[in-house]
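Since the structure comes first, as structure tokens, the remarks are kept for the end.
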Amino acid sequence: MDQTLIEVEGVTKSFVVRRRAGRLRRTREVVNAVAGLDFTVRRGEMVGYIGPNGAGKSTTVKMLTGILLPSTGRLRVAGADPVRDRVRLAQRMGVVFGQRTTLWWDLPLRDSYELARRIYRIPAGTYARNLDRCVELLELGPLLDVPVRQLSLGQRMRGDIAAALLHEPEVLYLDEPTIGLDVVSKRRVREFLAQTNAERGTTVLLTTHDLTDIEQLCSRVMVIDHGRVVYDGGLDGLHRQGRSERTLVVDLERELPPIELHGTRLVRREGTRQWLAFPASASAAPLVAELAGRYELRDLSVREPEIEDVIARMYGEAERTAATVARIG
Amino acid sequence: MAETRSFVGGGAARWDVVHAVRCYGHIVRMWIRAALAYPASFWMTMAGNLAASGMDFVVIVVMFLHTHALGGWSLPQVAFLYGTSGVTLGLADIFVGSMDQLGVRVREGSVDTVLVRPVPALAQIAGDRFALRRIGRVLQSGAVLTWSLLRLDLSWTPLKVLVFASLVLCGTVIFGSVFVGGSACHFFMADAAEVQNSFTYGGATMLQYPPTIYARDIVRGTVFGVPLAFVNWLPALYLLGRDDPLGLPSWFRFASPLAALLCATAAGLLWRTGLRSYRSTGS
């Protein structure tokens, strides 16, 4: 069987933006949302798709789901053209738009699933089995008969994810599935996605701002910026390339001069609290041990790098190198 | 080409249409249940709709307190126009009227959620925000129509029954097509709702009055432009046995099914073009 599920070759998407310039004059401006994408995704892969806002993430997802027609290039999902075979392909994919629920606001959660059963023509046995599984793993049992408007954001997201999986899609597109969720809901969603991917072999493409999502779910991460894939590989490599740093937030018993600790640098100090940055690739354990030995600590926590910082640094680095080369050359 | 494929092409296509209609029906039932989650609000808006559409008829009755005929048409005859215009618009409004909300969906970007489901977008969007309270207009206009039929004594023949039935059906299809076609404009224009409303609600108000009170060019526009005259004016000429103010050939009075077919086709094409444009430009 062909192991490639998603093929993207030289795909671009440009929009014409009309702006009013003066009373009657209008200017046309071509915006390249996606400027030449090339990648493939194998069946059963779980890929994190990240990038700053406006980088072209959602445009890519819209083209993969057949909502938008690419301007140029070739795009195949399960061997089919998503735009031409949209309705047929829809049967084989699940989509969750993070900030836009597809659940019925005024009706009990169960009714939205009943509609999905009819829309996707899910056989009764399959439907019952999949619903039971989702209800159990996402802990939806007590929520099934509650109107969706009364659910919390985390509960609603769990409900949305279940709705996208009842028809056993081969591929699941998730747009910011953990945005705004509390810690417990985030963990439950991640565990569920990992389990679905492992048990069902469901291919997952998720966009996110939360590096923890990727750390816990994806062996592969693609970074997109200005409409191009600028990094494609493991998370380690991304941290190396982006020189990303984690931060130790140290709460001391009393105010002290700046802590000097090998392998870290002080980035901020405020009263009894100090922030120490260290390379994301290094382990926090020895640093914590040494701090605990040298100081009286009230509290200590480790902050993961922000995705924007990693990417910004990656670019800052690239641009600086380019600038240096230009000056020398 | 995408839509052509899914609709045309043997057994699978027929199955698609059946599936689309079933899904429309289910979406409609869900909206009714959702509306009934707030029963007080449901009944109040329903009563409001009844009263609002009744006001139009009060205006007509008040006019007849001062005159015996309007453009040469008697009160029961005008009531017939009023009733048929209201019933057909009301039915179209129930089935596809909420599509004028499409502009909001385009702006919000929620059309996307419809496009990732294996059901034609038209079936899903037509069923969206289905509002049973709109039946108010049908009930109220139906009552006026019943009264006019009782007063008119049309000496029914089988052909007249057929023309009357086709009037209701074709009128609904014509208004429905204007709704669908108008909605499709939301894909191109920022705010097409007002244009669409002027043809549907505005057009229906126009059709409540006899064609003889309007300038000939306006009436001609409703025959050859947006063919609203085929909703009730032209069939009414036959049913009520009146002369055509435009002097059109008499077969025009029976041409409503043809007009309805043309309208539905045009609306379907416009919808497809709109959807295609949306998919190449995005929101």
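Here is how names work: the chains are called A, B, and so on, in the same order as the sequence lines, proteins then strands, and each is numbered from 1. Fair warning: this is a prediction, and the values are worked out from it, not measured in the lab. Only this structure's heavy atoms are used, side chains among them; waters, hydrogens and symmetry mates stay out.
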Worksheet item: Looking at A:Tyr113, does the NZ or CZ of A:Arg110 lie under 6.0 angstrom from its six-membered ring centre and within 45 degrees of the ring axis?
Response: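 Judged by the rule, A:Arg110 and A:Tyr113 form no cation-pi pair.
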
Worksheet item: For A:His226, does the NE2 atom sit with more than 12 other heavy atoms under 6.0 Å from it, leaving out its own atoms?
Response: no

Worksheet entry | Check: B:Asp128/B:Tyr24 side-chain N/O donor and acceptor closer than 3.5 Å | no

Worksheet item: Any idea which of B:Val116, B:Val119, B:Val111 has the most non-hydrogen atom pairs under 4.5 angstrom with chain A?
Response: B:Val116

Worksheet item: If you count heavy-atom pairs under 4.5 Å with chain A, which of B:Arg29, B:Met30, B:Gln124 comes out on top?
Response: B:Met30

Side chain to side chain donor-acceptor pair (under 3.5 Å) partners of [X], counting only residues at least two apart:
X: B:Ser256; result: none
X: A:Asn130; result: A:Glu168, A:Arg200
X: A:Thr102; result: A:Asp160

Worksheet item: Is the shortest heavy-atom distance from the side chain of A:Arg100 to the side chain of B:Ser110 under 4.5 Å?
Response: yes

Worksheet item: When only pairs under 4.5 Å are counted, which of A:Leu107, A:Leu69, A:Leu89, A:Thr65 shares the most heavy-atom pairs with chain B?
Response: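 Ranked by heavy-atom pairs under 4.5 Å with chain B, first place is A:Leu107.
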
Item to complete: Tabulate, in ascending numerical order, the residues of residues 262-270 of chain B having at least one heavy atom closer than 4.5 Å to a heavy atom of chain A, or enter 'none'.
Response: none

